[in-house]
2 protein chains.
Amino acid sequence: MAKFSTIKQHLYSKIASGEWPEHHPVSSENALAQQFKVSRMTARRALQELADEGLVIRSKGSGTYVAPIKSQTSFMAIRNIADEVRSRNHDYRAHVHVLRKEAATAHVAELLQLDAGKPVYHSVITHFENDLPVQVEERYVNPELVKGYLSQNYEEITPHEYLCEVSPLTEASHEIEAITPSPQLCQWLKLSKPEPCLRINRRTWSAAGVVTFAVLTHPGSRFSLGGHLHFGSARA
Amino acid sequence: MAKFSTIKQHLYSKIASGEWPEHHPVSSENALAQQFKVSRMTARRALQELADEGLVIRSKGSGTYVAPIKSQTSFMAIRNIADEVRSRNHDYRAHVHVLRKEAATAHVAELLQLDAGKPVYHSVITHFENDLPVQVEERYVNPELVKGYLSQNYEEITPHEYLCEVSPLTEASHEIEAITPSPQLCQWLKLSKPEPCLRINRRTWSAAGVVTFAVLTHPGSRFSLGGHLHFGSARA
DNA sequence: TAGTGGTCTAGACCACTTT
DNA sequence: AAGTGGTCTAGACCACTAT
């Protein structure tokens, strides 16, 4: 393994383990150069790449610090929260609050294109990044299209992963809004008082019809959505 | 300007102008080092950053080549708020709060890839839908790339429309978050008390570099972002 | 004033691809 | 064999921050 890569791994583990929490100072270029017996330019590269990845913040004259957790995810891809958290070298875990069959309310029935009163599968899961809740996922699933939904362990596999496995997605719609969370949501997100939250409403289709409807709620202070676009002709 | 940055600009122009089309070989590290009278490490940095940005592909032992055009279609178009309001058959109007030249703060300078203290153009505009504020647009513009920015009437044409006319956009990045508006923003949005707002931070590039940085704030109660995504066939 | 990150140099060796 | 990119060194000067 390249030397700069070894240093990156060392720093990754400090950050991912929580030994260095947010804003904690990271070893300086000179310190790393001495510690790993490399030139400053090599130590520098490790730090620079971590900064490019958003894991640390570098401040001229001051030093390098562990970046605050503020997730940024591609808003164009259909996202899997677990993969995203792990891609930032953070710990991921989930807690299942609700997982059961219910009778569809009029609202849910309309969104899933079913008749009101018909059974639907309902789940509520909190997703954690380094033990901090970053998303509450409230989801309704069409039981006719995903028969095995209730018998999965959603602390091991995300609903998104399972649904992708059993039902190829053909279409999705999103709505993004800013809301004040309900007391129930505050509890699930472990917010002591309400703060603005980013809400994504998503419906997903397969060839057979609406598969699932999800309401994803993220605390504004812990999450943002990002995207990057390139246009066709005269690229730069 | 830093030397590696000068070299990047030179390469940008070759690629954006079409002088070097897709797959065209890019000058090697050694060639650039000689041409610009810099060390190889400095020439290398310019090429490496272009590769990180996805503009060129580097191939060990072979060389560096202009990257093929990305066909990344987004379900979120670059939006023009005036067109959107009018497409809903509602009245549109705008009010200009600020339109002037300022010295770039460190933050603004970084986002526009300029030096701090350099002049930038700054505008703040509230956009109304049926006389209700739906967006505050705070915008900073690179004055070198858009010389006529300050002399437009932004109650007739939106900054977005004007910028599209004078500078073909090649790239954009978005960040979407939920925030609590500042008192100043509440005033501009005519909110009697703060409510969660949807914020879109957008940077836009042309071939010559960062053209503009916009912060768009929408009251949560009056706005949501929607998108529809089809898989398997490219659709907006 | 000492420490930090930002930039840059002029070399070096290596693995790889092309000719 | 010649050229390319990938890695690395041991210095250097600068601007900035903290004390």
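All values below were derived from every heavy atom in this structure, side-chain atoms included, with hydrogens, water molecules and symmetry-related copies excluded. Letters A, B, ... mirror the listed sequences (proteins, then strands); counts begin at 1.
- For the pair B:Q113/B:W205, a side-chain contact is recorded, criterion being any heavy-atom separation below 4.5 Å from C-beta on.
- Here B:S59 does not reach the OP1 or OP2 of D:dT4: none of its side-chain N or O atoms lies under 4.0 Å away.
- Across the protein-nucleic acid pair, A:Q34 atom CD and C:dG3 atom C1' stand 13 Å apart, rounded to whole Å.
- Counting only N and O atoms by type, the side chains of A:Y92 and A:H127 include a donor and acceptor under 3.5 Å apart.
- The OH atom of A:Y65 sits 11 Å away from the C1' atom of C:dG5 (whole-angstrom rounding).
- Straight-line distance from the CG atom of B:L47 to the C1' atom of D:dG6: 13 Å, rounded to whole Å.
- What separates NZ of A:K60 from P of D:dC16 is a distance of 5 Å, to the nearest Å.
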Report the C-alpha separation of B:W188 and B:H97 in whole Å, then their side-chain angles, then the decisive distance to 0.1 Å, and conclude whether the side chain to side chain contact (heavy atoms under 4.5 Å, CB included) test is met. CA-CA 8 Å; B:W188 283 331; B:H97 302 286; 3.2 Å; yes

Tabulate protein N/O versus nucleotide N/O from nucleotides 7-10 of chain D, keeping only pairs under 3.5 Å, one per line.
{"from": "D:dT7", "atom 1": "OP2", "to": "A:R45", "atom 2": "NH1", "distance (Å)": "2.9"}
{"from": "D:dT7", "atom 1": "OP2", "to": "A:R45", "atom 2": "NH2", "distance (Å)": "2.7"}
{"from": "D:dC8", "atom 1": "OP1", "to": "A:K3", "atom 2": "N", "distance (Å)": "2.4"}
{"from": "D:dC8", "atom 1": "OP2", "to": "A:F4", "atom 2": "N", "distance (Å)": "3.4"}
{"from": "D:dT9", "atom 1": "OP1", "to": "A:K3", "atom 2": "NZ", "distance (Å)": "3.1"}
{"from": "D:dT9", "atom 1": "OP2", "to": "A:S39", "atom 2": "N", "distance (Å)": "2.7"}
{"from": "D:dT9", "atom 1": "OP2", "to": "A:S39", "atom 2": "OG", "distance (Å)": "3.1"}
{"from": "D:dT9", "atom 1": "OP2", "to": "A:T42", "atom 2": "OG1", "distance (Å)": "2.7"}

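- Between B:Q48 and the phosphate of D:dG5, there is no side-chain N or O to OP1/OP2 separation shorter than 4.0 Å.
- The side-chain heavy atoms of A:P159 and A:I125, taken from C-beta on, include a pair separated by under 4.5 Å.
- Distances shorter than 4.0 Å separate none of the side-chain N or O atoms of A:S28 from OP1 or OP2 on C:dG3.
- Remark: B:R203 is not positioned above the aromatic ring of B:F213, lacking an NZ or CZ atom under 6.0 angstrom from the ring centre and at most 45 degrees off the axis.
- Closest non-hydrogen pair, A:A82 versus A:T158, comes out as CB-CG2, 3.7 Å.
- Straight-line distance from the CZ atom of B:R58 to the P atom of D:dG3: 18 Å, rounded to whole Å.
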